[in-house]
Asks: 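Here it is, the structure, as structure tokens.
Convention: sequence-line order gives letters A, B, ...; per-chain numbering from 1.
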There are 2 protein chains.
Amino acid sequence: MDHNIPDPSVRRLSAYLRQLERLAGEGTRHVSSRQLAGYIKAGDAQVRRDLALFGQFGRRGVGYEVDDLINVLRTILGTRQRQWPVVVVGAGEICHALLTYRGFRQRGFDVVAAFDIDPKKIGRTIGGVDVLPMEDCAPVIQRLEVRLAILAVPADAADETARRLCECGIEGILNFATTGLEVPEGVFVSEADITSHLEQLSFRLTSHRP
Amino acid sequence: MDHNIPDPSVRRLSAYLRQLERLAGEGTRHVSSRQLAGYIKAGDAQVRRDLALFGQFGRRGVGYEVDDLINVLRTILGTRQRQWPVVVVGAGEICHALLTYRGFRQRGFDVVAAFDIDPKKIGRTIGGVDVLPMEDCAPVIQRLEVRLAILAVPADAADETARRLCECGIEGILNFATTGLEVPEGVFVSEADITSHLEQLSFRLTSHRP
DNA sequence: GCGTGTGAAGATATTCACAGCC
DNA sequence: GGCTGTGAATATCTTCACACGC
């Protein structure tokens with residue numbers, strides 16, 4: 001399987017999967033690229049191209065079988081064969097929201113531990129997940145073979161914490177901090193700063209209308 | 001000011017602003033496109049191009065004045081002249097995290113109210129913000145001239161709630177639900193589904209290494 | 001008829017490379 | 001020497017349009 005997949009395509013693959021899961025829940029068995037495109041802001045050719053990057057999954061004249069395509073997309077995204085253990089660092093409000101959200105598991109992610117440096121937070125259990133002292137992060141990550149971390153610490157601690165996570169072998173970081181992170185080669189970062197999202201919107205509402 | 005600004009550029013403008021705010025806090029007065037690019041995964045020419053979309057803000061041989069550029073970027077992003085009132089819909093855990101996060105205000109956003117349909121949640125005050133019944137959303141949005149909403153309801157309620165918000169005059173939605181939304185022409189949606197972010201990462205860690 | 005898969009064309013975004021100014 | 005701003009070149013992404021199979 002090739003490696004030069006554009007970022008926008010990967011984002012859309014996620015979006016297709018979300019729609020397909022919904023369709024499957026409604027009992028729909030077949031779907032066309034045009035339908036799928038309708039849910040996303042995209043054209044039907046775009047949908048077919050995105051899928052064609054990985055193989056041929058449809059039938060001409062018919063479309064795609066919903067359940068099949070779900071499995072294909074999960075395989076592509078890496079959430080079919082394995083359940084990904086994930087750690088959350090920083091036991092604040094975002095962490096709380098993440099640990100009580102029950103939707104991750106069925107999508108292939110499993111929050112196995114949270115870490116903090118605040119003794120008042122350490123020892124608590126939130127949503128069935130223990131909040132552990134930051135010192136434990138290396139052994140836990142290694143023992144459970146955790147490769148993904150969610151970073152939810154204050155901005156001024158983000159970079160240092162990220163460095164530490166990378167040392168423990170973390171390869172992917174979902175970053176809720178407002179700071180951009182400096183990470184070693186081979187570590188992927190996905191930015192989830194909420195303020196930036198709001199700024200995208202405020203930009204679009206500011207004198208840039210079509 | 002033109003309107004055909006690429007989405008990736010707008011995302012980077014946010015990122016530059018975050019870095020500049022940090023630099024300003026550290027007392028740094030000048031910055032070059034190369035430095036700025038170093039924080040982001042981008043080249044120096046990219047930084048200059050992004051800024052050149054809106055004007056000329058640097059001095060040759062010198063670089064950019066940090067405070068000036070902060071003001072420029074805030075103006076571009078629309079967060080300099082005005083404080084944006086924002087409503088949160090769905091008073092769950094994410095809402096709780098949003099209402100207790102104190103960083104929005106200094107970045108130009110002000111959460112003015114939260115809404116829910118659950119009587120047990122209505123009437124509470126979280127982080128100084130009242131949780132109001134969903135029926136009040138239209139009058140509040142109109143009275144406070146709210147144009148931005150954060151959608152934090154369960155997936156199955158997302159589309160219907162979004163429709164309702166658009167009817168109230170909301171023009172930008174930050175969507176935490178896993179569903180893609182169908183919104184009228186002229187309404188902007190920014191997707192913040194956390195599972196999708198995790199899927200981006202798990203994809204990159206799955207057999208697609210360089 | 002319908003809908004996929006895909007070369008070829010087109011549109012967009014990024015990088016190069018250098019003139020011009022500090 | 002350093003660094004911006006920007007045409008020109010390149011790379012990347014998206015759309016068109018049609019052959020092929022259902």
Asks: So, B/Asn175 versus B/Glu191: side-chain donor-acceptor pair below 3.5 Å or not?
Replies: yes
Asks: Rounded to whole angstroms, how far apart are CZ on A/Phe57 and P on C/dG5?
Replies: 8 Å
Asks: Hey, what bend do you get for the helix from C/dG1-D/dC22 to C/dC22-D/dG1 if you fit axes on five pairs at each end, rounded to 10°?
Replies: 10°
Asks: Whole Å only: how far is the CZ atom of B/Phe54 from the P atom of D/dG5?
Replies: 14 Å
Asks: Can you sort out the partners of A/Glu21 under salt bridge (charged side-chain N to carboxylate O under 4.0 Å, His left out), two or more places apart, ordered by chain and number?
Replies: A/Arg18, A/Arg74, A/Arg107
Asks: Using a 3.5 Å distance criterion without hydrogens, assess whether the side chain of B/Gln19 forms a donor-acceptor pair with backbone atoms of B/Tyr39.
Replies: no
Asks: Any side-chain N or O of A/Gln46 under 4.0 Å from OP1/OP2 of D/dC13?
Replies: no
Asks: Assess whether atom CZ of A/Arg80 is packed by more than 12 heavy atoms of other residues, nucleotides or ligands within 6.0 Å.
Replies: no
Asks: Write down the distance between CG (A/Asp7) and C1' (D/dA11), rounded to a whole number of angstrom.
Replies: 16 Å
Asks: B/Phe57: what forms a ring pair (Phe, Tyr, Trp, His ring centres under 6.0 Å) with it, not counting sequence neighbours?
Replies: none
Asks: Looking at residues 32-45 of chain A, who's got a heavy atom less than 4.0 Å off DNA chain C?
Replies: A/Ser32, A/Ser33
Asks: I'd like to check the salt bridge (charged side-chain N to carboxylate O under 4.0 Å, His left out) partners of B/Glu26; sequence neighbours left out, ordered by chain and number.
Replies: B/Arg22
Asks: For B/Ala24, is there any backbone N or O sitting under 3.5 Å from a side-chain donor or acceptor partner on B/Thr28?
Replies: no
Asks: When the distance from NE2 of A/His30 to P of D/dC22 is rounded to whole Å, what number comes out?
Replies: 14 Å
Asks: Whole Å only: how far is the CZ atom of B/Arg12 from the C1' atom of C/dT12?
Replies: 12 Å
Asks: Any donor-acceptor pair under 3.5 Å linking the side-chain atoms of A/Ser14 with those of B/Glu199?
Replies: yes
Asks: Any donor-acceptor pair under 3.5 Å linking the side chain of B/Asp116 with the backbone of B/Ala91?
Replies: yes
Asks: Rounding to an integer number of Å, can you tell me how far B/Leu51 CG sits from D/dT4 P?
Replies: 10 Å
Asks: By a strict heavy-atom criterion of less than 4.0 Å, which residues belonging to residues 58-66 of chain A are in contact with DNA chain C?
Replies: A/Gly58, A/Arg59, A/Arg60, A/Gly61, A/Val62, A/Gly63, A/Tyr64
Asks: Taking only side-chain N and O atoms of A/Gln56, does any of them lie within less than 4.0 angstrom of OP1 or OP2 on C/dT4?
Replies: no
Asks: Which residue, A/Pro6 or B/Arg48, contacts DNA chain D at a nucleotide closer to its 5' end, judged by nearest heavy atom?
Replies: B/Arg48
Asks: Sub-3.5 Å donor-acceptor pair from the side chain of A/Thr178 to the main-chain atoms of A/Ala155, do we have one?
Replies: no
Asks: Check whether the side chains of A/His96 and B/Glu93 place a donor and an acceptor atom closer than 3.5 Å, and report yes or no.
Replies: yes
Asks: When you measure from the side chain of A/Arg49, which nucleotide among C/dT14, C/dG7, C/dG5 comes out closest?
Replies: C/dG7
Asks: A/Asp50 has an atom CG; how far is it from atom C1' of D/dT14, in whole Å?
Replies: 10 Å
